[in-house]
A.B. asks: 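Once you've had a glance at the structure underneath, I'll fire off some questions.
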Amino acid sequence: MENIVILTGAGISAESGLGTFRDAGGLWERHRVEDVASPEGFARDPALVQRFYNARRAAASAARPNAAHTALARLQRDYPGQVTLVTQNVDALHEAAGSNEVLHMHGALAGALCPACGHRWPAPAQMETAHPCPACHQPGARPDIVWFGEMPYHMETILTRLAACSYFVAIGTSGQVYPAAGFVQEADANGAHTLELNLEASARHSAFAEVRQGRASDLVPTWVAEMLAEADR
Ligand code: APR
């Protein structure tokens, strides 16, 4: 079995009813990024930012994993330690499908963060700006989401796994946000086979050795079945 790194984006959760960012009607058509996904926006109007993430947290908690999430969880289960799952998504659908090690490089709606002392704790369903930090009791808690201009989480682990992988798969991402959009380059430079599974050609599709277009709930189970059959040969 190859050492696989999988990167998922909003497209894998689209069929679970969660909006993507850049498709028609996407989140960035209805909200200004600088207002709801930047430290400056949070400083300017924290209540607006909390409302944005409270709505996304409510939608995400009502969503159910689809066949793509379930297939990836099976691959991880059947080949423990050989499948690194990195997601740009902040929903918990991979975990709900049974994936245990999920590297949320852009944070998670389930988390709250204290800007004053750095303490992290499980976010309440509806988070208020005056929400005091359980550790230092300062108000001003924020969603534990990586905003534009901030350093993504787990980068050291991700780059180490990319350097050692023989297979890199990107699923449901437009390839427009770095550093995630550059992972295919890292993997390719290390001789890995690179595969894009996406509804349409992403901004980085030409960097992939193989591109399959379609819905994640169709493409991912088919690809996982191929990998499992190959491993059993
Ligand atoms: N199956 C497969 N792919 C799909 C599906 C589907 N059912 N529906 C949409 N897609 C594809 C779209 O074609 C698009 O290429 O998913 C991609 C979603 O792209 P974006 O909306 O840009 O989302 P993503 O790539 O995850 O954004 C990356 O940008 O705003 C930041 O932090 C945010 O994590 C996010 C990052």
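Keep in mind that what you see is a predicted model, and the values were worked out from it rather than measured. Both counts, for ligands and for their atoms, begin at 1 and track the order of listing.
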A.B. asks: Of all the non-hydrogen atoms in the protein, which one sits nearest to atom 1 (N) of ligand 1, and at what distance?
C.D. replies: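 Nearest protein contact, heavy atoms only, for atom 1 (N) of ligand 1 is Ala216 N, 2.9 Å.
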A.B. asks: How close do Leu219 and Gly214 get, counting heavy atoms only, and between which atoms?
C.D. replies: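 So the two residues come closest at CD1-N, 3.4 Å.
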A.B. asks: I'd like to check whether Leu199 has a polar contact with ligand 1, where a contact means an N/O of the residue lying under 3.5 Å from an N/O of the ligand.
C.D. replies: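 Yes, since at least one N or O of Leu199 sits under 3.5 Å from an N or O of ligand 1.
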A.B. asks: Answer with side chain, backbone, both or neither: which part of Gln88 has a heavy atom less than 4.0 angstrom from an atom of ligand 1?
C.D. replies: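 Gln88 to ligand 1: contacts from backbone and side chain alike.
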A.B. asks: Could an N or O of ligand 1 be found under 3.5 Å from any N or O of Ala10, whether backbone or side chain?
C.D. replies: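 Ala10 vs ligand 1: N/O contact under 3.5 Å present.
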A.B. asks: Short N/O distance, under 3.5 Å, between Gly9 and ligand 1?
C.D. replies: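 Not met; the criterion fails.
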A.B. asks: Between the side chain of Glu29 and the main-chain N/O of Gly25, is any donor-acceptor distance below 3.5 Å?
C.D. replies: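 The answer is yes, because a donor-acceptor pair under 3.5 Å joins these two groups.
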A.B. asks: So which heavy atom on His119 is nearest to which on Pro134, and how close?
C.D. replies: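 For His119 versus Pro134, the nearest heavy atoms are CD2-CD, 3.9 Å.
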A.B. asks: With heavy atoms only and a cut-off of under 4.0 Å, state how Ala14 meets ligand 1: side chain, backbone, both or neither.
C.D. replies: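 Just the side chain.
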A.B. asks: With a 4.0 Å cut-off on heavy atoms, does Glu15 reach ligand 1?
C.D. replies: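 Contact present.
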A.B. asks: How long is the span from the CG atom in Leu7 to the OG1 atom in Thr84, to the nearest 0.5 Å?
C.D. replies: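 Rounded to the nearest 0.5 Å, the CG-OG1 separation comes to 12.0 Å.
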A.B. asks: Can you tell me if Asn89 uses its side chain to pair, donor with acceptor, with the backbone of Gly9 under 3.5 Å?
C.D. replies: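 Present.
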A.B. asks: Run through Leu197, Leu199, Ile12 and flag the one making a side-chain contact (heavy atoms from CB on, under 4.5 Å) with Arg215.
C.D. replies: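 Checked Leu197, Leu199, Ile12 against Arg215; only one passes side-chain contact (heavy atoms from CB on, under 4.5 Å): Leu199.
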A.B. asks: Is it the case that the side chains of Arg57 and Asn54 hold a donor-acceptor pair, with the cut-off being a distance below 3.5 Å and no angle test?
C.D. replies: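 Yes - a donor-acceptor pair under 3.5 Å links their side chains.
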A.B. asks: Look at atom 21 (O) of ligand 1 and find which of Phe21, Tyr178, Trp147, Trp28 reaches it with the closest heavy atom.
C.D. replies: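 When every heavy atom of Phe21, Tyr178, Trp147, Trp28 is considered, Phe21 comes closest to atom 21 (O) of ligand 1.
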A.B. asks: Can an N or O of Arg215 be found at a distance shorter than 3.5 Å from an N or O of ligand 1?
C.D. replies: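 Between Arg215 and ligand 1 (N or O atoms, distance only) the closest approach is not under 3.5 Å.
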A.B. asks: Would you check if the side chain of Asn190 reaches a backbone N or O of Glu186 as a donor-acceptor pair within less than 3.5 Å?
C.D. replies: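 Between the backbone of Glu186 and the side chain of Asn190 there is a qualifying donor-acceptor contact (under 3.5 Å).
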A.B. asks: Does the Glu15 side chain pair with the main chain of Ala216, one donor and one acceptor, at a distance under 3.5 Å?
C.D. replies: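 Yes, Glu15 side chain to Ala216 backbone: donor-acceptor pair under 3.5 Å.
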A.B. asks: Identify the closest protein heavy atom to atom 15 (O) of ligand 1: which residue and atom is it, and at what distance?
C.D. replies: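 Sorting protein heavy atoms by distance from atom 15 (O) of ligand 1 puts Asn198 ND2, 2.9 Å first.
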A.B. asks: Measure the distance from atom 27 (O) of ligand 1 to every protein heavy atom, then report the residue, atom name and distance (to 0.1 Å) of the closest one.
C.D. replies: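 Its nearest protein heavy-atom neighbour is Arg22 NH1, 3.0 Å.
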A.B. asks: To the nearest 0.1 Å, how far is atom 32 (O) of ligand 1 from its closest protein heavy atom, and which atom is that?
C.D. replies: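 Atom 32 (O) of ligand 1 sits closest to the protein heavy atom His106 ND1, 3.3 Å.
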A.B. asks: Treating Thr70 as the side-chain partner and Ala97 as the backbone partner, does any N or O pair qualify as donor plus acceptor under 3.5 Å?
C.D. replies: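 Not a single qualifying donor-acceptor pair exists.
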A.B. asks: Which heavy-atom pair separates Arg64 from Leu93 by the least distance, and what is that distance?
C.D. replies: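 That would be C-CD2, 3.6 Å.
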A.B. asks: Go through ligand 1 atom by atom and flag the ones less than 4.0 Å from a non-hydrogen atom of Gly214.
C.D. replies: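 Every atom of ligand 1 under 4.0 Å from some heavy atom of Gly214: 1 (N), 2 (C).
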A.B. asks: Of all the non-hydrogen atoms in the protein, which one sits nearest to atom 6 (C) of ligand 1, and at what distance?
C.D. replies: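 Minimum-distance protein heavy atom for atom 6 (C) of ligand 1 reads Gly11 O, 3.4 Å.
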A.B. asks: Hey, does Phe148 come in under 3.5 Å of ligand 1, counting only N/O atoms on both sides?
C.D. replies: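 N/O-N/O distance under 3.5 Å: no.
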A.B. asks: Looking at Glu200, which atoms of ligand 1 are within less than 4.0 Å of one of its heavy atoms?
C.D. replies: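 Those atoms are 13 (O).
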A.B. asks: Output yes when the distance from some N or O of ligand 1 to some N or O of Asn89 is under 3.5 Å, and no in every other case.
C.D. replies: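 By distance alone, the answer is no.
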A.B. asks: According to side chain to side chain donor-acceptor pair (under 3.5 Å), does anything in residues 4-14 pair up with another residue at least two apart or in another chain? List the pairs.
C.D. replies: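 Side chain to side chain donor-acceptor pair (under 3.5 Å) check on residues 4-14 returns Thr8-Thr87, Thr8-His94, Ser13-His69, Ser13-Asp91.
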A.B. asks: Tell me the protein heavy atom at minimum distance from atom 18 (C) of ligand 1, and give that distance in Å.
C.D. replies: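 Nearest protein contact, heavy atoms only, for atom 18 (C) of ligand 1 is Gly172 O, 3.8 Å.
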A.B. asks: Considering only protein heavy atoms, which is closest to atom 12 (C) of ligand 1, and at what distance to one decimal place?
C.D. replies: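 Here the closest protein heavy atom is Asp23 OD1, 3.5 Å.
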A.B. asks: Kindly identify the option in Leu197, Leu7, Thr173 whose heavy atom sits closest to atom 24 (P) of ligand 1.
C.D. replies: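 That would be Thr173.
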